[in-house]
Amino acid sequence: MGQQVNVGVVGCGAISAQYFQTIDRLPHVRLVAVADLDLDRAREAVRPYAGVDVVSVAELMADPRVDVVLNLTVPAAHAEIALQAIAAGKDVYCEKPLAATVADAGRMLGAADAAGVRVGCAPDTVLGTGTQTARKAIDDGLIGRPIAATATMMTPGHERWHPNPDFYYVPGGGPLLDMGPYYITSLVTLLGPVTTVIGAASRTRAKRTIGSGPRRGEEIPVTVDTHVTGVLVHESGVLTTLVMSFDGVATKSPNIEVHGEKGSLVVPDPNRFDGSVLVSGMGEEGWRALPEAAGYVEAGRGVGLADFASTPAGETARTDGSLAFHVLDVMESLLASAHSGAAVTITSTCARPRPVDHMR
């Protein structure tokens with residue numbers, strides 16, 4: 001992927017291990033420093049990786065070796081950390097969502113534009129063979145003109161397994177802000193940007209009980225909607241029905257289905273890089289699996305960072321901040337629609353990301 005890029009990471013929580021493993025095996029991306037409010041946690045996180053400095057956030061921002069700041073903090077801190085990195089003249093790549101609010105995300109992108117630095121954002125699962133094989137099938141006309149899609153995520157809630165799940169149940173969290181980026185980023189990748197949304201939402205319980213770790217049995221308050229549903233109207237005319245829930249127990253619905261005039265496509269879990277893409281054409285009985293035909297092979301979290309860092313100047317990265325901003329705008333607008341009962345026009349847009357159109 002070209003010249004080596006040095007990465008400094010802020011935030012060494014649960015997701016960081018997956019990023020560190022991927023960065024360690026990519027030859028053109030090198031982890032040089034990490035920072036966390038808990039320095040002991042940071043030291044433990046990078047213990048398997050030699051030569052990585054554990055520093056304060058201020059020291060990491062001032063480190064001239066760091067080319068890109070990988071922002072793995074909780075959503076409420078994304079904007080603050082990103083703005084510090086931008087002020088230090090560094091590119092930023094954020095874990096999803098881009099920020100807790102569209103207003104914060106707008107400030108980030110505005111500051112980056114003024115400083116001449118770039119912002120990228122997860123999820124990068126859409127770059128794997130699952131979503132990219134589905135993208136190629138759609139682009140090749142396998143199911144004809146797309147007319148509709150469904151996207152469903154149903155789980156009882158992350159407090160069952162996460163030892164510190166508080167941030168899932170405060171503004172910036174909830175099923176839509178937590179899992180929606182995977183699904184909506186995939187939908188925009190497959191079907192293009194969204195122009196209008198209409199939604200509804202509910203909140204089943206006022207408290208949640210932590211199910212693992214040292215805080216097991218502790219109750220935490222719920223201050224966000226925990227079941228969100230709605231319709232996304234894509235610029236292309238495709239209508240997507242979306243359900244994101246921390247209240248349901250289980251579902252047999254496919255994660256994503258895309259229906260076209262000549263056939264239907266089952267897209268694998270957008271929270272994964274791979275998975276079988278199934279197709280059923282007009283007149284066919286049952287489903288058949290498509291061979292992997294595009295995307296990063298055996299990818300892990302961090303491949304989007306590498307793709308972002310290697311994108312030539314003047315070219316929009318596949319994980320560009322404009323895509324993440326549009327996805328956040330769609331989610332925030334869906335919640336606004338749920339509370340008002342009226343359709344909301346999406347004021348932002350983005351380019352449909354370039355495909356990873358061959359196996360890498």
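Side-chain contact check for D269 versus Y183: some heavy-atom pair is nearer than 4.5 Å. Between L232 and V197, the closest side-chain pair of non-hydrogen atoms falls below 4.5 Å. Contact annotation: the side chain of I210 approaches that of P165 to within less than 4.5 Å [non-hydrogen atoms, C-beta and beyond]. T185 places none of its side-chain heavy atoms less than 4.5 Å from the side chain of P270. In this structure, the side chains of L31 and L70 stay at 4.5 Å or more apart for every pair of heavy atoms. By the 4.5 Å heavy-atom criterion applied to side chains, V222 and F246 are not counted as neighbours. When side chains are defined from C-beta on, V55 does not count as touching D63, because their heavy atoms never get closer than 4.5 Å. The shortest distance between side-chain heavy atoms of V117 and K90 does not fall below 4.5 Å.
Here the closest non-hydrogen pair linking C94 and N71 is SG-ND2, 3.5 Å. The shortest heavy-atom contact between V279 and E284 is O-OE1, 4.3 Å. Looking at every heavy atom in both residues, L242 comes nearest to M244 through CD1-CE, 3.7 Å. Across A115 and I86, no two heavy atoms sit closer than the pair CB-CG2, 3.9 Å. Counting all heavy atoms, side chain and backbone alike, V224 lies closest to R203 at O-NE, 2.9 Å. The two residues S276 and P268 come nearest to each other via the heavy atoms O-CD, 3.6 Å.
Distance alone, capped at 3.5 Å, is enough to place a donor-acceptor pair between the D320 side chain and the S322 backbone. Side-chain N or O atoms of R135 include one that pairs as donor or acceptor with a backbone N or O of T189 at under 3.5 Å. The main-chain N or O of A317 is never found under 3.5 Å from a side-chain atom of R354 such that the two would form a donor-acceptor pair. H78 places a side-chain N or O within 3.5 Å of a backbone atom of P97 that can act as its donor or acceptor partner. The main-chain N or O of E285 is never found under 3.5 Å from a side-chain atom of S280 such that the two would form a donor-acceptor pair. Proximity of a side-chain donor or acceptor of T150 to a complementary backbone N or O of T241 within less than 3.5 Å is not detected. In terms of modelled atom types and a separation under 3.5 Å, the side chain of T195 and the main chain of V233 share a donor-acceptor contact. At least one donor-acceptor pair under 3.5 Å links the side chain of D36 to the backbone N or O of C12. Without hydrogens or angle criteria, T133 side chain to G130 main chain gives no donor-acceptor distance under 3.5 Å. No donor-acceptor pair under 3.5 Å is formed between the side chain of E257 and the backbone N or O of A151.
Atom CG of residue L98 and atom CZ of residue F325 lie 8.0 Å apart, to the nearest 0.5 angstrom. Taking CD from E219 and OG1 from T209, the interatomic distance works out to 4.5 Å, rounded to the nearest 0.5 Å. If you take CG on L190 and CZ on R352, they are separated by 7.0 Å, rounding to the nearest 0.5 Å. Remark: D357 CG to D139 CG distance equals 9.5 Å, nearest 0.5 Å. The distance from the CD1 atom of I184 to the CG atom of L328 is 9.5 Å, given to the nearest 0.5 Å. Taken to the nearest 0.5 Å, the CG atom of L305 stands 8.5 Å off from the CG atom of L26.
Evaluation of the ring pair (Phe, Tyr, Trp, His ring centres under 6.0 Å) rule for H162 yields F167, Y168 as partners, not counting sequence neighbours. Every residue two or more places apart in sequence or in another chain that forms a ring pair (Phe, Tyr, Trp, His ring centres under 6.0 Å) with Y93 is listed here: F308. A search for ring pair (Phe, Tyr, Trp, His ring centres under 6.0 Å) contacts involving W287 returns nothing, not counting sequence neighbours. Every side chain to side chain contact (heavy atoms under 4.5 Å, CB included) that P146 has, sequence neighbours left out, goes to I138, L191, V238, V258. Residues forming a side chain to side chain contact (heavy atoms under 4.5 Å, CB included) with R301 (at least two apart in sequence, or on another chain): I15, Q18, Y19, D124, T125, Y182, N271, F273.
Atom CZ of R25 has more than 12 neighbouring heavy atoms from other residues, nucleotides or ligands inside a 6.0 Å radius. More than 12 heavy-atom neighbours from other residues, nucleotides or ligands sit within 6.0 angstrom of CD on E315.
Annotation: salt bridge (Lys or Arg N to Asp or Glu O under 4.0 Å) contacts involving residues 242-253, sequence neighbours excluded, comprise R208-D247.
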Worked check of side-chain contact (heavy atoms from CB on, under 4.5 Å) between V194 and D329: CA-CA 10 Å; V194 176; D329 193 11; over 6 Å; no
Intermediate values then yes/no, side-chain hydrogen bond (donor to acceptor under 3.5 Å, both in side chains), S348 and H326: CA-CA 6 Å; S348 68; H326 180 64; 3.0 Å; yes
Please lay out, stage by stage, how L177 and L335 fare under the test side-chain contact (heavy atoms from CB on, under 4.5 Å). CA-CA 10 Å; L177 270 294; L335 291 173; 3.8 Å; yes
Applying side-chain contact (heavy atoms from CB on, under 4.5 Å) to Q84 and V69, what does each step give before you reach the verdict? CA-CA 10 Å; Q84 290 182 39; V69 172; over 6 Å; no
Let's go through R160 and T155 carefully: what are the C-alpha distance in whole Å and the side-chain angles of both, what is the deciding distance for side-chain hydrogen bond (donor to acceptor under 3.5 Å, both in side chains) to 0.1 Å, and is it a yes or a no? CA-CA 10 Å; R160 293 170 303 124; T155 174; 3.2 Å; yes
Assess the residue pair V32 and V66 against the criterion (side-chain contact (heavy atoms from CB on, under 4.5 Å)); give the C-alpha distance rounded to whole Å, side-chain angles, the decisive distance to 0.1 Å, and a yes or no. CA-CA 7 Å; V32 296; V66 174; 3.8 Å; yes
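Under the 4.5 Å side-chain heavy-atom criterion for Ile, Leu, Val, Met, Phe, Trp and Tyr, L334 and V243 are members of distinct hydrophobic clusters. A continuous path of hydrophobic side-chain contacts links I256 to V228 [ILVMFWY only; heavy atoms under 4.5 Å]. Criterion: ILVMFWY side-chain heavy atoms under 4.5 Å apart, direct or through other members. Under it, V126 and L278 are not part of a common hydrophobic cluster. Cluster membership for V188 and V102, using ILVMFWY side-chain heavy atoms within less than 4.5 angstrom, is shared. Taken together through direct or relayed side-chain contacts under 4.5 Å among Ile, Leu, Val, Met, Phe, Trp and Tyr, M153 and M331 form part of one hydrophobic cluster.
Salt bridge status for E44 with R47: present, with a side-chain N to carboxylate O gap under 4.0 Å. One finds a salt bridge joining D40 and R43 here, because a Lys/Arg side-chain nitrogen approaches an Asp/Glu carboxylate oxygen to under 4.0 Å.
One side chain, H234 or T240, offers a donor N or O that lies under 3.5 Å from an acceptor on the other.
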